[in-house]
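In what follows, a structure is listed as structure tokens, so that the remarks can point back to it.
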Amino acid sequence: MNALALLRERFHPALAALAEDLAAPLQIESLLEMVKPSGEAKFGDYQANFAMPLGATLKQPPREVAARVVEMVDLADVCEPPEVAGPGFINLTLRTDWLIAQLAAATTDERLGIAPAADAKTYVIDYSAPNVAKPMHVGHIRSTVIGDALARTLRFLGHRVIGDNHIGDWGTQFGMIIYGYKNFLDPAAFESSAVTELARLYRLVNTLVDFHKLPGQITAAEENLARLEEQLATAAAEPESSDKKEAQKQAKARRRLESQRDESHAELTALTAKREAVSADEELAAQAAAHPDIGTRVLEETAALHAGDAENLKLWKEFLPPCLEDIERIYSRLDVTFDHTLGESFYHDRLAPVVDDLKTKGIAVESDGAMCVFNEGQDAPMIVQKQDGAFLYATTDLATIEYRAETWQPDAILYVVDHRQSLHFEQLFATVRRWGYDQVELVHVKFGTVLGEDGRPFKTRSGDTVGLDGLLDEAIERAYRVVAENDDAKPDGAEWSEADRRRIAEVVGIAALKYADLSQNRESDYVFSYDKMLAMNGNTATYMQYAYARVRNIFARGSVDVEQLRDDGGALVVAEAAERALALELLRFSEALEETVADYRPNHLTGYLFELANRYSTFYNECPVLKAADEATRRSRLLLCDLTARTLQTGLSLLGINTVEKM
RNA sequence: GCCCCGGUAGCUCAGUUGGAUUAGAGCAGCUGACUUCUAAUCAGCAGGUCGCAGGUUCGAAUCCUGCCCGGGGUGCCA
């Protein structure tokens, strides 16, 4: 039961009645949105704030308007008599018997009293999308985890969800592997582990390609640095303007130049270090010398693959399965699944027809030899075909939308992708609407960059991106230490086997990693920290898992047959403040889910679960369950415990997070 | 240059799309509570000019304008 939705429903007729007296139509829906949970408990459970703006429209004192609404609205079965307070707030307190009735219904309901969406929609969710030619790294975690959580939540709410992993399986990276295979293969290594050898080949070829680009880049950087130094010298020599504003501008320009200079200097240092690293490695240096044109050769291999070259296609078909197996291994560790994995290669044959169609419809036009789509209000065009005839990812994205629309007729497509691609999606969506797919809702579910604790994009000490496998290992290892420490510290001595500890650490570690990401507002950059992530308190998965385990332990200790308890029903008693606070929070699960899905923000769900676990902890401390004063109280509290456990478990599962019975 | 995002407690962040002269959490700091159903917990204290300046109205962290600071993007990478 969604109490908020019910209250809004109840207010509707009253507002409609007021609207009749009015010439201009009232925005009833937007007024109803002003019914919301109270900010403070002393103002009741919910509050209706529409009397103030309504008073202005009706040209009547808001308090009088509020009083008239209270007179007309029928809430007697749900709420205590509403109170008008302050300038015209209507404060609502749920009747305890009503609250109890809702929760009683939830105890025997598999869905915890949450009705499936009346208007079920079809969603395609595009998430994870790694490049499969190289190992997954920290940059993939957000898309994967957020996308998975949204898929699970929407599905639970009764929508049809199609999870599609749009992998990169057709780009230059495969050209690199093919080139590497033809020139640097270690057959024995390939035999024993194809993925490992392919990853090595990718890294090697990538290093060599980069190496040969270095001289040009270093020259450019040197020139840039020299130019900046010169500009800086000129600026420094300039006399300070007597005009205050002008002087400020000068100072600002100088600061800007200085920071650009520092940046340029750092870049030059990094490039030089890269060159040194290769030169210092005898074997690598020899390989570099033997393959001076490796950059263009790689592009040729890629082009040959795209053109249908038999050998390259054969190699590609051979490489793909182990690459897919490798990412699948990570997904299984993360417990993330997809309904489809349709990568770039799947759309290869559709690209030329897409461009033709855009051309025919006059949407794409030639400009500087490239096929471009110019959209209103965007100064840069979206390029769908390069001068050399090659297609781009914009082209693939268009073909993908066409396929998805034809195949699944979705109401919405969600792209869980880095916010740095915002412009690309603006262009893509604008083009798609002109192209004719204007019924499907296209949403860029954007998220921020994963940063290290220094505020720079998260890298290892040596400057490499952090592999996802290692990240998971580290999270689990740290969780293990915490688990072991807590087990050893038990008053009656450690109670778990090594296998128990490992199993719990796995669940807790992965959960911590996912939760740290999901609990953050997805749009802001996310500072990655193992320490914060695995902190044992605060707004963490561990805290919720612990609350869950404590409930389960009560049932174990008391040898309570939960099934029997639910079936027997029995009256809930909400007497203590902590009991009522917990009961009310349990009822709000449905609101939290709606809020989460409204703009695709899992942090609303994590926030709710934290609040719930918090209230449970207070309840746990203040209200004895097994040793309750009387049998009725004991039964009632057991039911509250059971509902809490199920809500926590369900909520966490919608985030892709598992629970353990003991921890 | 232009476009987008952000600036909230020492640190990391919430803030339900304008609500209650009292802006919330968690870390970190300080006080208390384990012979008790798991202290991976709870109760409490302290900590803020919500970047700055104007404006809009009954009411602004939230909306508008200008400015300051940071990040990202910006015609043939993805």
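Side chains are part of it too, since the values below use all heavy atoms of this structure and drop only hydrogens, waters and symmetry mates. Lettering follows sequence order; numbering is per chain, from 1.
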Starting at atom [atom1] of [X], determine the distance to atom [atom2] of [N], rounded to an integer number of angstrom.
X	N	atom1	atom2	answer
Asn603(A)	G15(B)	CG	P	6 Å
Asn614(A)	A14(B)	CG	P	18 Å
Glu523(A)	U17(B)	CD	P	16 Å
Asn131(A)	C77(B)	CG	C1'	12 Å
Lys386(A)	C77(B)	NZ	C1'	8 Å

Whole-angstrom distance between [N] and [M], as gauged at atom [atom1]:
N	M	atom1	result
G19(B)	G59(B)	P	14 Å
U8(B)	G24(B)	C1'	10 Å
U49(B)	A9(B)	P	9 Å
U62(B)	A23(B)	P	15 Å
U16(B)	A25(B)	C1'	15 Å
G7(B)	G44(B)	P	30 Å
G47(B)	U56(B)	P	34 Å
G71(B)	C63(B)	P	23 Å

Does C34(B) sit syn or anti, given that only angles within 90° of 0 count as syn? syn
Using O4'-C1'-N9-C4 for purines and O4'-C1'-N1-C2 for pyrimidines, with syn meaning within 90° of 0, is U12(B) syn or anti? anti
Of all the nucleotides listed ([options]), which has the minimum atom distance to the side chain of [X]?
X	options	answer
Glu595(A)	U17(B), C58(B), U16(B)	U16(B)
Arg420(A)	C37(B), C76(B), G73(B)	G73(B)
Ile383(A)	G75(B), U16(B), C42(B)	G75(B)
Arg550(A)	U38(B), G15(B), A43(B)	U38(B)
Tyr543(A)	U41(B), G75(B), C37(B)	U41(B)
Val625(A)	G19(B), A78(B), C37(B)	C37(B)
Cys372(A)	G75(B), U17(B), U41(B)	G75(B)
Met34(A)	G73(B), U38(B), G19(B)	G19(B)

So what does [X] hit on the nucleic acid, given a heavy-atom distance under 4.0 Å: a base, only sugar-phosphate, or nothing?
X	answer
Asp418(A)	nothing
Pro53(A)	base
Glu611(A)	nothing
Cys641(A)	nothing
Leu626(A)	base
Glu495(A)	nothing
Ser524(A)	sugar-phosphate
Thr618(A)	sugar-phosphate
Ala85(A)	base
Ala549(A)	base
His424(A)	nothing
Met663(A)	base
Lys662(A)	base
Gln520(A)	sugar-phosphate

Between the side chains of [Y] and [X], is the shortest nitrogen-to-carboxylate-oxygen separation below 4.0 Å, so that they form an ion pair?
X	Y	answer
Lys446(A)	Asp418(A)	no
Glu506(A)	Arg502(A)	no
Arg601(A)	Glu523(A)	yes

Taking pairing as Watson-Crick or G-U wobble with both contacts under 3.5 Å, can you name the mate of [N], or confirm there isn't one?
N	answer
C2(B)	G73(B)
U17(B)	none
A43(B)	U31(B)
U65(B)	A53(B)
G48(B)	none
C37(B)	none

Phe43(A) or Asp368(A): which one's nearest nucleotide on RNA chain B is closer to the 5' end? Phe43(A)
Please compare Phe610(A) and Tyr620(A) by the position of their nearest nucleotide in RNA chain B and report the one closer to 5'. Phe610(A)
Are the side chain of Thr172(A) and the backbone of Gly175(A) linked by a donor-acceptor contact shorter than 3.5 Å?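 Judged by distance alone, no pair lies under 3.5 Å.
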Given the structure, check if the side chain of [X] and the base of [N] hold any donor-acceptor pair shorter than 3.5 Å.
X	N	value
Thr449(A)	G71(B)	no
Tyr546(A)	A40(B)	no
Asn486(A)	A39(B)	no

Charged tip of Arg550(A) within 45° of Tyr620(A) ring normal and under 6.0 Å: yes
Taking the six-membered ring of Tyr46(A), is the NZ or CZ of Arg588(A) close enough (under 6.0 Å from the centre) and on axis enough (within 45°)?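 Checked: cation-pi criterion met.
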Within-4.5 Å side-chain heavy-atom neighbours: Phe425(A) and Gln421(A): yes
Taking the inter-plane angle between the rings of Phe50(A) and Phe11(A) on a 0 to 90° scale, is it parallel (under 30°), tilted (30 to 60°) or perpendicular (over 60°)?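 Ring orientation of Phe50(A) relative to Phe11(A): perpendicular.
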Taking atom types as modelled, find out whether Asn131(A) and Gln173(A) have a side-chain donor-acceptor pair closer than 3.5 angstrom. yes
Candidate list Val354(A), Thr396(A), Val355(A), test side chain to side chain contact (heavy atoms under 4.5 Å, CB included), partner Phe391(A), passing option: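 Among Val354(A), Thr396(A), Val355(A), the one meeting side chain to side chain contact (heavy atoms under 4.5 Å, CB included) with Phe391(A) is Val355(A).
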